[in-house]
Asks: 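Got a structure for you, questions after.
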Protein chains: 2
Amino acid sequence: MTKNTWTQIKDQLTTDIRSGRLSAGDQLPTEPQLVARFGVGRHSVRKALEALAREGKLSIEQGRGTFVNATPRLTYQIGKRTRLRRNLIPQGVTVSSQLLDAGRIHAPENVSQSLHLDPGALVVHSQRITSANDVPVAFGSSYYCAARFPDFVERRDTLGSTTEAIRSYGIADYFRKSTSMHSRTASAEEARTLRQHPDVPVIVVHAVDASPDGTPLSCSRVIWSAARVTFTMEHSDD
Amino acid sequence: MTKNTWTQIKDQLTTDIRSGRLSAGDQLPTEPQLVARFGVGRHSVRKALEALAREGKLSIEQGRGTFVNATPRLTYQIGKRTRLRRNLIPQGVTVSSQLLDAGRIHAPENVSQSLHLDPGALVVHSQRITSANDVPVAFGSSYYCAARFPDFVERRDTLGSTTEAIRSYGIADYFRKSTSMHSRTASAEEARTLRQHPDVPVIVVHAVDASPDGTPLSCSRVIWSAARVTFTMEHSDD
DNA sequence: CGTGATTTGTACGTATGTATA
DNA sequence: TTATACATACGTACAAATCAC
């Protein structure tokens, strides 16, 4: 039953993490140290570490070292009343959100279609990154019709939540209209933004939110770290 | 702007695939041939091939060769009326489904909970693999209460679809009650079943179906090849 | 049915580049 | 600037799976 060298190393490290002998934030021994400890070549050590990084258990940082991730996988519920903060905060994590970029742009085609706007209409674009317990879990762009929500970004920042910002425009409630998601490999830049290994996949979520009468309010494209989240959907009527 | 050796090789092969110089089903040159052609070491070639396999563009088979995948990404719509065949067939693909295993077992805890059965109650378990255009896209297990659907597997096989089998028990319609999904790396066995490289991620979908009055009928756990599918959800009332 | 040739998988060695502290 | 730690890239050898004969 003796398997691969690198699989054995991976399994050993996995049990070390699960048993708590290696705990969140800990730095692993360096590659040369692991080579010595396991009595194998560097390739095998690196292959094991790479696999664990892909599973989200480790983060490998060039020049610094390799660290154990604190990854209680988040649960994100998608439904008609999808709300980011209400979703994550009850799980006992600290949610923080940071504005990366904002501005007015002419809507790309898929955005103008989703929002039922004329091609090239002005939209308010903003890019945010969301962290749970200071670990980045997702980042992405959202688009609002500039005519209807001219200063959306400012209000969102002042009020601290999307729900409140929308309400400030006199819209009491909004609903998730459609969602699509797929998995792919992260680009180098996405991996850096999410502070994850380049080989960890990401889940791309496209969403459209609408007011109760069905008018589209906003659309978004959010990139989630696949290792850090589980999505659930309830299809009950509510 | 000269990047990595292996990234350049990957990009070159990607454009070859996109431009049609390499088309679906084609066998790539062998590793030694690629080494000669690009004038690089085998490590670099393998790293490029591995990355492309993770993206689902190639399938690498030990002892046979490396082949270009025919992967028009499927779209799978999840909603209250989720139906596998009705979902895929309109996309112009040939859907085939093969029974891998079937039998009666005592329900594992999560199954008995999902189906509102007593712990250890008998359930009909079956494991199927689903292929689109003869490429495996998903496989998984489904569980039906044995008391209510004693010969479900036989009927499903005779009638050729789950919807028909359920109807044969006098249940005119059924609905998706809940869905949860997350991404993780495939085990070696899962990768083999899906004929994909071990490093390609999979998406695990847990679902519960119920009759119109809300009584759970079945639950399932299906493992999708992450590179071969996009999930969409409509949250309209329908 | 086995046997050898082909092809990918694993493993080891060594050297040099690059990011970080 | 120097030392440290991971990243890339070259090489070699043998193992394991597949296939044709």
Side-chain angles (χ1 to χ4, degrees), chain A residues 1-13 25-54 57-69 185-189 191-193 195-200, chain B residues 1-13 25-54 57-69 185-189 191-193 195-200:
Chain A
M1 191 49 212
T2 49
K3 290 184 291 184
N4 290 340
T5 305
W6 71 266
T7 309
Q8 286 178 36
I9 295 171
K10 184 190 154 198
D11 292 346
Q12 179 61 55
L13 292 174
D26 283 2
Q27 177 168 10
L28 261 70
T30 67
E31 290 176 359
Q33 286 170 339
L34 290 170
V35 165
R37 171 172 146 196
F38 289 109
V40 299
R42 191 170 164 221
H43 278 314
S44 307
V45 167
R46 279 181 64 80
K47 186 142 194 184
L49 295 178
E50 195 179 308
L52 289 168
R54 252 201 305 282
K57 296 195 175 70
L58 298 180
S59 59
I60 305 176
E61 301 177 36
Q62 183 179 175
R64 292 198 46 208
T66 303
F67 304 87
V68 179
N69 276 349
T185 50
S187 72
E189 193 186 344
R192 226 177 321 113
T193 305
R195 279 199 265 133
Q196 67 177 28
H197 194 269
D199 289 336
V200 178
Chain B
M1 190 52 212
T2 49
K3 289 185 295 185
N4 291 339
T5 304
W6 72 266
T7 308
Q8 287 179 35
I9 296 171
K10 187 192 153 200
D11 292 347
Q12 178 62 56
L13 292 174
D26 283 2
Q27 178 168 8
L28 261 70
T30 67
E31 290 177 0
Q33 285 170 339
L34 289 171
V35 165
R37 173 173 147 196
F38 289 108
V40 299
R42 192 171 165 219
H43 278 314
S44 306
V45 167
R46 281 180 63 77
K47 188 140 193 187
L49 294 177
E50 195 180 309
L52 289 168
R54 250 201 306 279
K57 295 195 174 71
L58 299 179
S59 60
I60 305 175
E61 301 177 35
Q62 181 177 1
R64 295 205 354 147
T66 302
F67 304 87
V68 179
N69 276 349
T185 50
S187 72
E189 193 185 345
R192 226 178 320 113
T193 306
R195 280 198 265 131
Q196 69 177 25
H197 194 268
D199 288 334
V200 180

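Order of the sequence lines fixes the chain letters, A, B, ..., with proteins taken first and strands second; residue numbering starts at 1 for each chain.
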Asks: What's the angle between the local helix axes at either end of the helix from C:dG2-D:dC21 to C:dA21-D:dT2, using five pairs per end and rounding to 10 degrees?
Replies: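 The value is 20°.
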Asks: I want to check one thing: is the phosphate of D:dT8, taken as OP1 and OP2, less than 4.0 Å away from some side-chain N or O of B:S44?
Replies: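 False: B:S44 side-chain N/O out of range (4.0 Å or more) of D:dT8 OP1/OP2.
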Asks: Can you figure out which of C:dG9, C:dC12, D:dC6 approaches the side chain of B:R46 most closely?
Replies: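 So the nucleotide nearest the side chain must be C:dG9.
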Asks: Among D:dC6, C:dT8, D:dC19, find the nucleotide with the atom closest to the side chain of B:T66.
Replies: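 Among the listed nucleotides, the one closest to the side chain of B:T66 is C:dT8.
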Asks: Between D:dC6 atom P and A:H197 atom NE2, what is the distance in whole Å?
Replies: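 So the NE2-P distance, A:H197 to D:dC6, works out to 11 Å.
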Asks: Using distance only, find each side-chain donor-acceptor pair of residues 44-53 of chain B under 3.5 Å and give its atom names and separation, not counting sequence neighbours.
Replies:
residue, atom, partner, partner atom, Å
B:R46, NH1, B:E31, OE2, 2.9

Asks: Looking only at side-chain N and O atoms, does B:R64 come under 4.0 Å of OP1 or OP2 in D:dC19?
Replies: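 Yes.
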Asks: B:Q33 side chain to B:T30 main-chain N or O, any donor-acceptor pair under 3.5 Å?
Replies: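 Yes.
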Asks: Using heavy atoms and a sub-4.0 Å distance, could you list which residues of residues 29-37 of chain B are near DNA chain C? By number, please.
Replies: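 Contacting residues: B:T30, B:E31.
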Asks: Within less than 4.0 Å of OP1 or OP2 of C:dT10, is there a side-chain N or O belonging to A:T5?
Replies: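 Result: no.
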Asks: Identify whether any heavy atom of B:G41 sits under 4.0 Å from a base atom; if not, whether one sits that close to sugar-phosphate; answer base, sugar-phosphate or nothing.
Replies: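 Answer is sugar-phosphate: B:G41 comes under 4.0 Å of backbone atoms only.
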Asks: From the options C:dT10, C:dG13, C:dA21, select the nucleotide whose nearest atom is closest to the side chain of A:K47.
Replies: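 Looking only at side-chain atoms, A:K47 lies closest to C:dT10.
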Asks: Just the rounded figure in Å: distance from P of D:dA5 to CG of A:L58.
Replies: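 It works out to 17 Å between those atoms.
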Asks: Does A:V45 or A:E61 map to a spot on DNA chain C nearer the 5' end, using the closest nucleotide for each?
Replies: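 The residue closer to the strand's 5' end, by nearest nucleotide, is A:V45.
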Asks: Which whole-number value in Å describes the distance from A:Q8 CD to C:dT10 C1'?
Replies: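 Going from CD in A:Q8 over to C1' in C:dT10 covers 12 Å.
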Asks: Which nucleotide wins on minimum distance to the side chain of A:Q62, given the candidates D:dT18, C:dT8, C:dA19?
Replies: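 The listed nucleotide nearest to A:Q62's side chain is C:dA19.
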